[in-house]
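Below is one structure, written out as structure tokens, with a few remarks after it.
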Amino acid sequence: MFKREISTTWFTAVTAVYFVTVVNWAFWKFVWNNLDLSGSDSLLFALSMPIVLFLIFYAMLSLIVWPYVGKAIISVLLILSAAANYFMVKLNVQIDSEMMRNVFESKPHEALEMVTIGGIGWVVVFGILPVAILVWLRIRFRPLWKEIAFRGLHILVALVLLAGMAFLFYKDYASAGRNNRSAGRYLTPFNYISSTSKCIKKLLNKNRPFVVIDEHPEHVPYEDPYYTVLIIMVGETARAMNFSVNGYERETNPKLSRQDIVNFPNVISSGTATAFSLPCMFSHLPREKFDIDASYSTENLMDVMQKAGYDVLWLDNDGGSKGVSTRVPSIDLMKDGNPKFRNGETFFDEVLLDGLEERLANIQKDTVIVLHMMGSHGPSYYRRYPDSFRVFTPTCDTAEIQSHPREEIVNTYDNTILYTDHVISETIDILKRFPQYEAGMIFVSDHGESLGENGMYLHGFPYSLAPNEQVHIPMLLWMSETMRREDHVDYEKLKAAADSMKLSHDNLFHSILGLVEIDSDLYDPGLDLFKPFRTKKLPFRTGMEHANSP
């Protein structure tokens, strides 16, 4: 078949231009929206940017374009870059190591839900089509040593010109870099190459010595004849501002509003993605000190409760616990759930309640059960609830949310919250059937979600820059009369104070330790949200309750 012949110099130059322009569409969009380019000096600086990028790409490609390997490497970069740009341009996603961790840890069904007609079309036009042209071209190489000499000379010239640009515009680039640190997360393909490298390096560090955080935690309960039964419900992608118990104008919590719950309206998540938030919220460490890589070989709240004598169980409907339930009994309901709750490749969250009443009827000791919900996992919000909960219409019944009116996106998301309201309320009703237990329920989401505000969608934005929508999360509590009485918690006083309490995921570990009466050196009473509302001191070792006070 006839192929168009092109010299290595022209091929490298044309490819560099494509990388500077099309491949970095998201980067130029960021520059346009965030850099102040008014004034003649700023205009010259702006004009220098594509030149600098061209020189960088030209030098980089000059190292790559060799027989047999050059086309293959560039083809891979073009397809991956097209996919990355689709999410950055259309959903305003930033690519960093945590985002790449989410990519690597995504289950097949989660990955498939991200595949849309629009995304496929984007990759075909901006990735596969250029690759087809690349295959059609025949690159004309010089004799080896002559090619090396020419290539070395071109790289040297590019570096000299880059040095000249640096001399002329150093202050501008330094200032722009300091004030726009997230710009690098849009610079393709360096963003995903660097982030993947960091992520792989972190993953390789998993094989580190196992850390026992408490050798002998002890269950030291108040004297009473009742088993403690606590259900921890971990929400997925639920944001506080769409809960009507928090003042949202729509009635998204009709059932919970009729339950005697404590609503905590001011709670902040530890991260913006499940891969970080979930293990962090079960860690004894605060967010600032938490190491996601070390967490895989470190005990957490589940381990401590099990070692203290509790029966613990993790029921999962959201693709895994990110290492939290590794050493405790767990059931993956996405594999072993009741088929009547199946919805395509996923299950409705009521699968978590299937058989729950029977489990509770047969407990033989103090028990903690975690229900890890599918919740409002996007972008396929429409798949998260049965048709009977399609109350707010019209809905966005596709994963290509960015191509639909925001009203439809919000309607669909609100339906997921309506269904979450139902599942939480049903859990409370099941617990009410066991007045012989000290029964309680805590619901807290792992992170929030952007629904098109400021052009942002989904979650996973770098924490330091994350919008409120992605970190402001709902948290709810229900306690049976027996638990309130026997755990000596002034429930009414707690309800009255909840609106003014400022909480985060950092409070969860210590609050639950206190609630299930586990005496541990790790316990920090300053982070136990229940401590100010106990009418009787916890029966821990002398002085222990105050040992770690700030």
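Fair warning: this is a prediction, and the values are worked out from it, not measured in the lab. Numbers for residues simply follow the sequence, beginning at 1.
- Using modelled atom types, one finds no donor on one side chain facing an acceptor on the other under 3.5 Å when comparing Asp528 with His510.
- Here the side chains of Glu453 and Pro467 are not in contact, with every heavy-atom distance at 4.5 Å or above.
- Heavy-atom contacts from other residues, nucleotides or ligands closer than 6.0 Å to NZ of Lys493 number 12 or fewer.
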For Arg327 and Asp303, what are the C-alpha separation, side-chain angles and deciding distance, and is it a salt bridge (Lys or Arg N to Asp or Glu O under 4.0 Å)?
CA-CA 7 Å; Arg327 295 165 295 277; Asp303 299 291; 2.9 Å; yes

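- One finds the CZ atom of Phe533 at 15.0 Å from the CG atom of Asp487 (value rounded to the nearest 0.5 Å).
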Decide side chain to side chain contact (heavy atoms under 4.5 Å, CB included) for Leu477 and Leu494; before the verdict, give the C-alpha distance in whole Å, the side-chain angles of both, and the deciding distance to 0.1 Å.
CA-CA 10 Å; Leu477 168 74; Leu494 176 58; 3.7 Å; yes

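- Under a 3.5 Å cut-off, the side chain of Thr326 and the backbone N or O of Gly323 do form a donor-acceptor pair.
- For the residue pair Gln259 and Ser425, a side-chain donor N or O sits within less than 3.5 Å of a side-chain acceptor on the partner.
- A tilted orientation is assigned to the rings of Tyr437 and Tyr227, their planes being inclined by 30° to 60°.
- A donor-acceptor pair is defined here as one N or O able to donate and one able to accept, closer than 3.5 Å; such a pair exists between the side chain of Asp349 and the backbone of Met374.
- Glu449 and Thr237 share no donor-acceptor pair across their side chains, judged by distance under 3.5 Å alone.
- Smallest separation of non-hydrogen atoms from Glu251 and Ser244: OE2-OG, 3.0 Å.
- Side-chain contact annotation: Asp446 with Thr274, donor-acceptor N/O pair under 3.5 Å present.
- In this structure, a donor-acceptor pair under 3.5 Å is present between the side chains of Arg390 and Thr395.
- Annotation: Glu345, atom CD; neighbour count of heavy atoms from other residues, nucleotides and ligands within 6.0 Å does not exceed 12.
- Close placement of the Phe540 and Tyr523 rings is indicated, their centers lying within 6.0 Å of each other.
- If you check the side chains of Glu350 and Tyr419, you find a donor sitting under 3.5 Å from an acceptor.
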Show, in sequence, the C-alpha distance, side-chain angles and deciding distance for Asp490 and Lys495, and conclude whether the salt bridge (Lys or Arg N to Asp or Glu O under 4.0 Å) test is met.
CA-CA 9 Å; Asp490 190 330; Lys495 281 201 293 185; over 6 Å; no

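- Under 3.5 Å, the side chains of Gln470 and Ser450 contain a donor-acceptor pair of N or O atoms.
- At most 12 heavy atoms of other shown residues, nucleotides or ligands fall within 6.0 angstrom of atom CD1 in Ile117.
- Met233 is not listed as a side-chain neighbour of Val370, based on a closest heavy-atom distance of 4.5 Å or more.
- Under a cut-off of 6.0 angstrom, the local environment of NZ in Lys307 is crowded, with over 12 non-hydrogen atoms contributed by other residues, nucleotides or ligands.
- Note that OG1 of Thr420 is 12.0 Å distant from NZ of Lys255, once rounded to the nearest 0.5 Å.
- Evaluated for a side chain to side chain contact (heavy atoms under 4.5 Å, CB included) with Tyr248, the options Asn246, Thr252, Val245 yield exactly one hit, Thr252.
- Checked against the 6.0 Å centroid criterion, the rings of Tyr491 and Trp478 do not qualify as a close aromatic pair.
- Here the side chain of Ser511 pairs no donor or acceptor atom with the backbone of Leu508 at under 3.5 angstrom.
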Stepwise ring pair (Phe, Tyr, Trp, His ring centres under 6.0 Å) test for Phe276 and Tyr463:
CA-CA 11 Å; Phe276 185 94; Tyr463 192 84; 7.6 Å; no

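- Aromatic ring centres of Tyr413 and Tyr381 lie closer together than 6.0 Å.
- Using modelled atom types, one side-chain atom of Thr116 and one backbone atom of Gly119 make a donor-acceptor pair closer than 3.5 Å.
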For a side chain to side chain contact (heavy atoms under 4.5 Å, CB included) check, start with the C-alpha distance between Ile442 and Leu515, then their side-chain angles and the critical distance, and finish with the verdict.
CA-CA 11 Å; Ile442 292 178; Leu515 190 61; 4.1 Å; yes

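- Without hydrogens or angle criteria, Asn317 side chain to Phe347 main chain gives a donor-acceptor distance under 3.5 Å.
- The distance from the NZ atom of Lys502 to the CG atom of Asn266 is 4.0 Å, given to the nearest 0.5 Å.
- His372 contributes no side-chain N or O that, together with a main-chain N or O of Asp332, makes up a donor-acceptor pair within less than 3.5 Å.
- In terms of heavy-atom proximity, Gln306 sits nearest to Pro329 at OE1-CD, 3.3 Å.
- Rounding to the nearest 0.5 Å gives a distance of 9.0 Å between CG of Leu230 and CE of Met479.
- Judged by distance alone, with hydrogens and angles left aside, the side-chain atoms of Ser480 form no donor-acceptor pair with the main-chain N or O of Glu438 at under 3.5 Å.
- Of the possible donor and acceptor atoms, one in the side chain of Asp316 sits under 3.5 Å from a partner among the backbone N and O of Gly319.
- The main-chain N or O of Asp414 is never found under 3.5 Å from a side-chain atom of Asn242 such that the two would form a donor-acceptor pair.
- When the shell of 6.0 Å around CG of Asn454 is examined, it contains 12 or fewer heavy atoms from other residues, nucleotides or ligands.
- Inspection of the Glu236 and His377 side chains reveals no N or O donor paired with an N or O acceptor under 3.5 Å.
- With rounding to the nearest 0.5 angstrom, the CD1 atom of Ile193 is 8.5 Å from the CG atom of Leu80.
- Residues Thr367 and Val312 are not in side-chain contact: their nearest non-hydrogen atoms beyond the backbone lie 4.5 Å or more apart.
- Arg250 forms a cation-pi arrangement with Phe392, by the criterion of a distance under 6.0 Å to the ring centre and an angle within 45° of the ring axis.
- Remark: the Asn253 side chain and the Arg258 side chain contain no N/O donor-acceptor pair separated by less than 3.5 Å.
- Taking OG of Ser295 as the reference point, atom NZ of Lys322 lies at 11.5 Å (rounded to 0.5 Å).
- Judged purely by atom type and a 3.5 angstrom limit, Ser277 uses its side chain to pair as donor or acceptor with the backbone of Gly271.
- Side-chain N/O atoms of Asp214 and Ser520 include a donor and acceptor closer than 3.5 Å.
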